[in-house]
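See structure below.
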Amino acid sequence: MNDVLVYNVMIKAYGMAKLHEKALSLFKGMKNQGTWPDECTYNSLVQMLSGSDLVDEAQRVLSEMVDSGCKPGCKTFSSLIASYVRLGLLSEAVDVYEEMRKAGVKPNEVVYGSLINGFAESGMVEEAIQYFKTMEEDGVKSNQIVLTSLIKAYSKVGCLEEARRVYDRMKKDTEGGPDVAASNSMLSLCAELGMVSEAETIFNDLREKGTCDVITFATMMYLYKGMGMLDEAIEVAEEMRESGLLNDCVSFNQVMACYAADGQLRECCELFREMLVERKLSLDWGTFKTVFTLLKKGGVPREAVEQLQAAYNEGKPLATSAITATLFSAMGLYAYAMDSCKEITRDEIPLEHYAYNAVIYAYGASGEVDMALKTYMRMQEKGLKPDIVTQAYLVGVYGKAGMVEGVKRVHGWITFGELEANQSLFRAVRDAYVSANRRDLADVVKKEMSIAFEDGQEEEFSSISGEEEEEDDDDESEEDEAF
DNA sequence: GTAGGGTTAG
């Protein structure tokens with residue numbers, strides 16, 4: 001028969017290794033062996049199970065603990081309450097709180113903090129305030145965390161005045177004033193209500209203290225972007241970069257979105273490259289959402305973007321490489337585009353349309369006409385018929401190579417209805433004539449387009465880096481464009 | 001040689 005102490009140590013060890021099953025079976029085993037658990041065993045188990053949000057098991061052990069005449073500690077109740085709150089099970093949390101009071105254990109500021117925050121998060125402000133009052137009546141003194149939760153509660157229901165009052169109280173009552181979390185909470189309320197100057201005051205306070213964190217910057221960007229103040233949003237983005245706090249995927253997404261909204265496509269693409277290639281961050285849907293916007297704004301045909309989007313949504317293994325190949329090509333970063341192409345073609349396996357198209361586009365954009373045409377041939381050998389995207393890209397390759405006859409051939413197909421008239425294809429043909437120095441023929445296409453699609457229907461093109469560029473009348477060379 | 005607790009955005 002082992003000592004209780006030995007069991008307790010082993011249970012703790014299992015807990016630290018997250019082997020809860022083992023801990024529980026050891027708990028059962030010790031009782032069978034005739035070693036009765038003591039307070040420490042129970043406290044330890046409940047806290048460990050609560051910490052992993054295994055509330056049912058924790059609850060069972062807690063009940064057994066009380067039944068056997070042991071008195072759980074404040075931390076034990078507290079951990080279970082916190083666990084219920086994390087799971088959004090507020091009424092269960094309250095039950096434990098009541099049980100705790102009944103057992104004669106006085107709740108501390110952590111218990112109140114959990115409850116108040118839980119109610120604040122679910123927008124139950126009345127309840128949050130009620131517990132705050134009870135806490136004060138109970139002689140438990142509030143702290144930064146509780147007051148921050150209160151601000152959150154008021155924010156949830158848009159009570160600006162009350163939130164301000166709590167915030168001002170923190171300035172007086174707490175030493176050093178509100179901490180970053182509290183300020184951020186207030187900041188997000190300001191952002192929600194579009195209160196720029198009050199937000200800026202708080203932001204500047206944090207700057208002076210040097211305590212801005214990722215959330216501070218994110219909230220300020222969110223505010224400025226929402227108010228259409230893109231210059232200011234970008235300034236915050238720059239400041240965030242310089243401060244070394246731009247490190248995670250979501251923050252990158254947000255900063256990228258600011259640049260994209262401001263039309264700084266190339267800068268945005270650089271950030272994307274940094275997060276993907278240099279930092280090797282894993283990308284999420286938000287990243288790709290911005291990338292697809294970039295592609296469209298960068299002049300990639302709508303159908304091509306949709307095709308890449310579909311490949312991404314279907315989880316195609318080469319989707320990311322195809323997307324980056326297309327993006328880097330569209331933004332003029334050809335060396336990087338070539339790297340992506342190599343990823344796509346490395347395994348010599350037959351590809352799908354989206355992948356062949358991306359490779360054709362990338363080679364074409366980089367001026368590797370032979371490789372582009374070779375890829376097209378390979379695609380045909382594999383029995384894949386060119387789709388609308390392939391046609392648009394191919395015509396671009398012909399234009400770039402000065403193969404006017406090739407452009408004319410596709411142009412003819414459209415004119416005589418052998419290829420379905422489509423805006424992207426028209427545009428590709430027109431641009432191809434331009435890059436083959438046949439303005440005259442480009443103008444013909446332009447006229448045909450205005451007939452086919454009714455004048456003024458054409459979407460806008462934004463060019464790289466957000467520089468303004470008249471698309472139609474400018475006689476300057478457009479060689480630098482993708483096509 | 002014993003006892004995992006609460007705060008801030010998209």
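Residue numbers start from 1 in every chain, and the chains themselves are labelled A, B, ... in the order their sequence lines are given, proteins ahead of strands. Only a predicted model underlies this, so the values are computations on that prediction, with no experimental measurement involved.
At the heavy-atom level, A/Glu109 lies under 4.0 Å from base atoms of the strands shown. A/Asp213 comes within contact range of at least one nucleobase, with a heavy-atom separation under 4.0 Å. Within 4.0 Å (heavy atoms only), A/Gly15 reaches at least one base atom of the nucleic acid. Across all strands shown, A/Ser251 has heavy atoms under 4.0 Å from base atoms, whether or not it also approaches the sugar-phosphate.
Distance from the side chain of A/Thr148 is smallest for B/dT7 among the nucleotides B/dG6, B/dT7, B/dA9. Listed candidates were B/dG6, B/dG10, B/dA9. Nearest to the side chain of A/Val250 is B/dG10. Relative to the side chain of A/Ser79, the nucleotides B/dG5, B/dG10, B/dT7 differ in distance, and B/dG5 lies closest. Nearest to the side-chain atoms of A/Lys75 among the listed nucleotides B/dA9, B/dG5, B/dG1 stands B/dG5. Checking B/dA9, B/dG5, B/dA3 against every side-chain atom of A/Cys74, the shortest atom distance belongs to B/dG5. Listed nucleotides: B/dA3, B/dG1, B/dG6. Nearest to the side chain of A/Gln47: B/dA3. Here B/dT7 is the nucleotide among B/dA3, B/dG6, B/dT7 with the atom lying nearest to any side-chain atom of A/Ser149. In this structure, the nucleotide among B/dA9, B/dT7, B/dG5 sitting nearest to the side chain of A/Ala82 is B/dG5.
When the shell of 6.0 Å around NZ of A/Lys156 is examined, it contains more than 12 heavy atoms from other residues, nucleotides or ligands. For CD of A/Glu136, the number of neighbouring non-hydrogen atoms (other residues, nucleotides, ligands) closer than 6.0 Å is greater than 12.
Atom pair A/Asp53:CG and B/dG5:P shows a separation of 12 Å (rounding to whole Å applied). For A/Asn8 and B/dA3, the CG to P distance is 9 Å, given to the nearest whole Å. In this structure, A/Phe203 atom CZ and B/dA9 atom C1' are separated by 14 Å, rounded to whole Å. The CG atom of A/Asn184 sits 11 Å away from the P atom of B/dG10 (whole-angstrom rounding). Rounded to an integer number of Å, the gap from CD1 of A/Ile145 to C1' of B/dT7 is 5 Å. Distance, A/Tyr112 OH to B/dG6 C1': 14 Å, rounded to whole Å. For the pair A/Leu245 CG and B/dA9 P, the interatomic distance rounds to 17 Å; values are reported in whole Å. A/Tyr224 has its OH atom 17 Å from the P atom of B/dG10, to the nearest Å.
One finds a side-chain N or O of A/Asn117 lying less than 4.0 angstrom from the OP1 or OP2 phosphate oxygen of B/dT7. A/Arg86 has a side-chain polar atom (N or O) that falls below the 4.0 Å cut-off from OP1 or OP2 of B/dG6. Considering only side-chain N and O atoms, A/Tyr222 lies nowhere under 4.0 angstrom from the phosphate OP1 or OP2 of B/dA9.
Taking 3.5 Å as the limit, the base of B/dG5 and the side chain of A/Asn108 contain a donor-acceptor pair of atoms between them. Judged by distance alone, with hydrogens and angles left aside, A/Ser78 brings a side-chain donor or acceptor within reach of the base of B/dG5, the pair sitting under 3.5 Å.
The aromatic rings of A/Phe328 and A/Phe272 sit tilted relative to each other, their planes meeting at an angle between 30° and 60°. Taking the six-membered ring where the residue is Trp, A/Tyr131 and A/Tyr112 present tilted rings, their angle falling between 30° and 60°.
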Notebook entry, point to check: Where do A/Lys171 and A/Asp168 land on the salt bridge (charged side-chain N to carboxylate O under 4.0 Å, His left out) test, with the steps shown first?
Noted result: CA-CA 5 Å; A/Lys171 284 187 197 161; A/Asp168 289 339; 3.6 Å; yes

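At least one cation-pi condition fails for A/Lys296 and A/Phe292: the charged atom is not both under 6.0 angstrom from the six-membered ring centre and inside a 45 degree cone around its axis.
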